[in-house]
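Residue numbers start at 1 and run along the sequence shown.
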Amino acid sequence: MSASAKKDEVSSVLREIKGLGLDFQKSLKNSVPWDRDVEFQRQNLRRRLVNVFFAYPFAPQAEAEENKLWLDTTYALIQAYRSRLAKQDAEDAKNSRLPQHSVQMRKLQNKFRTFLSAEESFWSGFALRLVRTFGLTEAKPALLALNITSPDPSDPLADVSRSSVPTIDDDPESRNTVEPSTVLPSGQRDRKLDAVSKVLVHLGDLARYREQYNE
């Protein structure tokens, strides 16, 4: 495929993803963040974003999709949950007869913590896949320090003394389209390492939110 044809293909895929993102944002605005239809749309959008990131790893248009992956499929939900938590907290404050937290508030907090835990697993798996796919050996110590390890004993990132996290490779629609440890084009190694660094920042944000909303 020529460079021009590939560029057109990527642009077409991204336009479709943009449409999915707009539909998801509309659904999220009109529903609770744990609604089944909302979650289905979120996961569908996420699969497409992950797939384009690895299917076209060196396309400039696709590199920005990692930011959308965080903003559209994780942070948007965090904002939705926090908004509902703030509203519930204000309602509870109006009723002096209630204990510190109402039943509704505790249920909402539990849902949010469950969501954050699932997101931590996803982003840990995403970091593993980045390191393994692009042979980013420099990033391994940082992942191991955060207890992010591969469930595959043959993987260099496996550590049987630690608890492993699930990876997104279990999704057949998100299989690698780049051979592991592929030699990266000039300048791409730093970009992929930067992507790993961003993921680790996201994991730090998730941990902070989880600690903030612990009872």
Side-chain angles (χ1 to χ4, degrees), residues 21 42-43 45-60 62-82 112-171 174-185 187-214:
R42 184 176 80 95
Q43 292 298 341
L45 175 61
R46 170 169 283 179
R47 281 192 296 270
R48 299 300 300 274
L49 286 167
V50 169
N51 186 62
V52 76
F53 186 84
F54 287 101
Y56 310 99
F58 312 130
E63 289 183 346
E65 297 311 293
E66 189 276 327
N67 288 330
K68 292 183 180 179
L69 186 62
W70 166 256
L71 292 173
D72 292 358
T73 73
T74 297
Y75 190 65
L77 271 291
I78 290 174
Q79 288 183 308
Y81 271 107
R82 294 187 74 197
F112 189 35
R113 284 194 293 269
T114 298
F115 166 78
L116 292 172
S117 179
E119 290 304 286
E120 285 182 318
S121 292
F122 167 79
W123 285 101
S124 294
F126 190 73
L128 277 172
R129 186 172 175 185
L130 282 169
V131 171
R132 183 170 58 249
T133 301
F134 301 112
L136 305 175
T137 55
E138 308 95 314
K140 291 181 181 179
L143 268 60
L144 292 175
L146 294 174
N147 201 27
I148 300 175
T149 59
S150 172
D152 182 358
S154 65
D155 194 310
L157 277 164
D159 186 342
V160 295
S161 68
R162 301 173 187 261
S163 59
S164 297
V165 299
T167 76
I168 56 177
D169 288 338
D170 293 331
D171 182 356
S174 298
R175 296 290 184 183
N176 287 343
T177 55
V178 180
E179 289 298 321
S181 301
T182 294
V183 176
L184 299 177
Q188 283 291 332
R189 191 170 198 83
D190 287 343
R191 292 182 181 182
K192 300 311 179 190
L193 285 169
D194 183 56
V196 174
S197 296
K198 289 180 180 179
V199 172
L200 298 184
V201 170
H202 299 334
L203 285 167
D205 290 340
L206 291 167
R208 176 169 54 84
Y209 286 124
R210 182 162 46 80
E211 181 65 25
Q212 182 180 352
Y213 289 95
N214 270 342

- Salt-bridge criterion met for Asp205 and Arg208 (N-O under 4.0 Å): yes
- Note on the structure: Output for pair (Phe134 CZ, Gln188 CD), nearest 0.5 Å, gives 8.0 Å
- Within a strict 4.5 Å, meaning less than it, do heavy atoms of the Arg82 and Tyr209 side chains meet? yes
- Taken to the nearest 0.5 Å, the spacing of Leu71 CG from Glu65 CD works out to 11.0 Å
- dist Asp194:CG -> Leu130:CG (nearest 0.5 Å) comes out at 11.0 Å
- Message: When you measure from the centre of the six-membered ring of Phe54, is the NZ or CZ of Lys192 closer than 6.0 Å and no more than 45° off the axis?
- Response: no
- Note on the structure: On a heavy-atom basis, the closest approach of Glu138 and Pro141 is O-CD, 3.4 Å
- Does the side chain of Ile148 reach to within under 4.5 Å of the side chain of Trp123, using non-hydrogen atoms? no
- Note on the structure: One should read off an interatomic distance between Leu116 CG and Leu206 CG, to the nearest 0.5 angstrom, of 6.0 Å
- Item | Least distance between heavy atoms, Leu77 atom then Thr73 atom | CD2-O, 4.3 Å
- Return the minimal non-hydrogen interatomic distance between Ala127 and Val199, and the atom names on each side. CB-CG1, 3.8 Å
- May I ask you to decide whether Glu119 forms a salt bridge with Arg210, counting only side-chain N to carboxylate O separations under 4.0 Å? no
- Query: Side chains of Leu143 and Thr149: closer than 4.5 Å at any heavy-atom pair?
  - Reply: no
- Note on the structure: Closest heavy-atom pair, Val131 versus Lys140, reported as atoms and distance to 0.1 Å, is CG1-CG, 4.0 Å
- Qualifying residue for ring-ring contact (aromatic ring centres under 6.0 Å, His included) with Tyr81, from Phe112, Tyr75, Tyr213: Phe112
- Message: Ring-plane angle category for His202 and Trp70, please: parallel below 30°, perpendicular beyond 60°, tilted otherwise.
- Response: parallel
- Query: Between the side chain of Ser117 and the main-chain N/O of Arg113, is any donor-acceptor distance below 3.5 Å?
  - Reply: no
- Side chains of Asn67 and Lys198: closer than 4.5 Å at any heavy-atom pair? yes
- Message: Could you report the tightest heavy-atom contact between Val196 and Ala139, atom names first, then the distance?
- Response: CG1-CB, 4.0 Å
- Message: If the threshold is 4.0 Å, N to carboxylate O, is there a salt bridge linking Glu66 and Arg129?
- Response: no
- Centroid separation Phe126 to Phe53 less than 6.0 Å: yes
